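Atoms within each ligand, like the ligands themselves, are counted from 1 in listed order. Quick caveat, the model's predicted, so the values are computed rather than measured.
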Amino acid sequence: MCGIIGILTKNDDVVPQIMNGLKLLEYRGYDSAGLAVLDEDGQLERRRASGKISALAEKISADPVSGKVGIGHTRWATHGPATEMNAHPLATSKVAVVHNGIIENFQEIKQDLLAQGCEFESQTDSEVAAKLMHKYLHEGMSPEEATMAVLGRLEGAFSLAFLFADRPDLLIGARRGSPLAVGWGKELMCLGSDALAVGPLSAKIAYLDDDDWVVLTNEDAIIRTSSGKAVRRASTPVDPNFQVNLGKSGYRHFMLKEMHEQPQVVGDTLSTLLEGKEGRLRLPELPFELEKASRLNIVSCGTSYYASLVGKYWIENLAQMPVDTDLASEFRYRRPVLDPNGISLFISQSGETADTLAALRHCKSRNQRLLSLVNVKDSSLAREADGTLLTMAGPEFGVASTKAFTAQLTMLAALAVTLGAKRGLISEPEQFRLVRLLMEIPAHMAEILTKAPVIEAISKNVIAPARDVLYLGRGQNYPLALEGALKLKELSYIHAEGYAAGEIKHGPIALVDETVPVVVLAPSDSLFPKIMSNLEVVRARGGQVIFMGDNRGYERLTDEPTAKIILSQVDPFVTPLIFALPVQLLAYYAAVFKGTDVDQPRNLAKSVTVE
Ligand code: G6P
């Protein structure tokens, strides 16, 4: 994972810009951070710190450094603990390198270099890139020749940026597997892991293709293939008003801000699909007729996977199209049988998750038609798929996904309605009715947000003191139980499990006693009586029931639950969009009471770019 950045200019000190870029990349990892610049004598100067970017900022203010060319890194540790010694840039007297990804053959290269008398200071895989580069430079190669030689030795997935001693006019970047963007700015050239970091500095951006490398000088950036041939990669202009709001707009955490943005985000995503006022939906132009596919194969990770599970219920129900859902990390290794007339859909907030990207490439090699559903327009998944559905969540900084999830659900609901209509299963009036239900969601979400104090009290009194929590749901809200449990685990470090409510009697009921809160997602739909039976089973064992549902359902309860969260009464179709918010809020407040790092929980990263 990790985020990398490199900046080259003639006039300014690049340290503040590198630090700003690292803040924008911190979602990719926050175990340690570092930067390297060339000082006035052309010597490499490094500052590194274990922990977040703020720790690096303190280091720099205690021991300032400046330069007109430099590279920076924020780390999610893979090889070697998050110590300062393992923090990037890794350097020799001739070169410093920052790396995102994993160099899979680093042991072999390291043994080779050790045998030649080379010494290593870190436990990282990345250091071999610096040592190899040093060796080739020492042997008399130019930086460009040495880059090709280094890239020829490395196996695995990586994006790299090299800074060379005595070369204030040069930065070299390379990519295989992990993303790397190049930006042309005003009297400045830069490269970085994504458009968030590079965009604010650039007038235009291009993305390297796999196995490309790029030479940045004060004049230009020349992109080359692995054979050294100069190539042009499509560039896109950056909106001159492009700015990333790194502020929390008065909210205590990014997560809280992003949860409050959900009414807007759902409305924005929907409005990109609406045609006219009646409620007709129009998906973006795709190079294939989605409704004619014999099967939809959805692949994703984490919260995006839970969105895909809801999508399966919706699409099978409304469009009668068979849907398979897979975790990307499992997908390729089970030798999936792909229908030649099927379409594969890859769901990802970032569009960069390594497992999902690998799954897309696997499907490409099997001649599947590829569709991505992403929140980042020029992400790798968007660029490599044949067509893209874009959510309008905007940048999400909280590591735990919230607004991106509800935006994905919105897109999937719209997709299901559109497919149902195109396949002749939904009449026009019914289509308009379903779309109206979706259009009402922002208002319902806004209302749920006003109930935050009720949810906060339940989190404080019932959830935060618990050791284990169960979440139960049925049908299309079963994935919401899974998502609720995931949110609680990752934010508050409380053990939680999501279960299909009907399964509780096949094992999890053994866990239930008076210390275990059981959150029951119970909309008053056709499955309500069934979930009530499951709830009774819990209550009979003394479990603390937290009822989540509407007033009509609440009135049907025979006994008062331990706690209740009463939500708007909505059509069963849209309940997953309604339940998403209270499960997020419940986990958020539990984490706040436990005092964990809500926006950057331990051991996690937002964009997982290693397999
Ligand atoms: C990480 C994040 C999750 C996210 C998952 C998939 O684990 O912490 O919030 O759901 O990656 O990410 P993607 O960008 O592919 O949706």
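- Relative orientation of the Phe397 and Phe254 rings is tilted, given thresholds of 30° and 60° on the angle between their planes.
- Among all non-hydrogen protein atoms, the one lying nearest atom 12 (O) of ligand 1 is Thr353 OG1, 3.4 Å.
- Exactly one residue among Glu261, Glu258, Gln264 makes a side-chain hydrogen bond (donor to acceptor under 3.5 Å, both in side chains) with Lys403. That residue is Glu261.
- For the pair Arg383 and Tyr207, the cation sits on the ring face: its NZ or CZ lies under 6.0 Å from the ring centre, inside 45° of the axis.
- Annotation: Thr303 places an N or O atom under 3.5 Å from an N or O atom of ligand 1; distance criterion only.
- Protein heavy atom closest to atom 11 (O) of ligand 1, with residue, atom name and distance, is Lys606 O, 3.5 Å.
- Between the side chains of Thr402 and Gln262, no donor N or O sits under 3.5 Å from an acceptor N or O.
- Taking distance alone, with nitrogen or oxygen atoms compared against 3.5 Å, Ile347 stays at or beyond that limit from ligand 1.
- Closest to atom 6 (C) of ligand 1, if we only count protein heavy atoms, is Cys301 O, 3.5 Å.
- Within the structure, ligand 1 lacks Leu604 among the residues with a heavy atom less than 4.0 angstrom away.
- Taking atom 7 (O) of ligand 1 as the reference point, the nearest protein heavy-atom neighbour is Val608 CG2, 4.0 Å.
- Checked by distance only, ligand 1 and Ser348 come closer than 3.5 Å through their nitrogen or oxygen atoms.
- Those atoms of ligand 1 that come under 4.0 Å of a heavy atom in Val399, given as number and element, are 2 (C), 8 (O), 9 (O).
- The closest side-chain donor-acceptor pair between Gln349 and Ser304, if any, does not fall under 3.5 angstrom.
- Considering all non-hydrogen atoms of both residues, Ile205 and Ala181 come closest at CG2-CB, 4.0 Å.
- Interface atoms of ligand 1 facing Ser304, defined by a heavy-atom separation under 4.0 Å, are 10 (O), 13 (P), 16 (O).
- Atoms of ligand 1 lying under 4.0 Å from any heavy atom of Ser401, numbered from 1 in the order shown and given with element: 9 (O).
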Exercise for the section: May I have the step-by-step check of salt bridge (charged side-chain N to carboxylate O under 4.0 Å, His left out) for Glu26 and Lys52, ending in yes or no? Expected result: CA-CA 8 Å; Glu26 199 171 19; Lys52 297 188 181 179; 5.8 Å; no
Problem - Stepwise salt bridge (charged side-chain N to carboxylate O under 4.0 Å, His left out) test for Glu330 and Arg334 - result: CA-CA 7 Å; Glu330 289 291 319; Arg334 71 171 175 83; over 6 Å; no
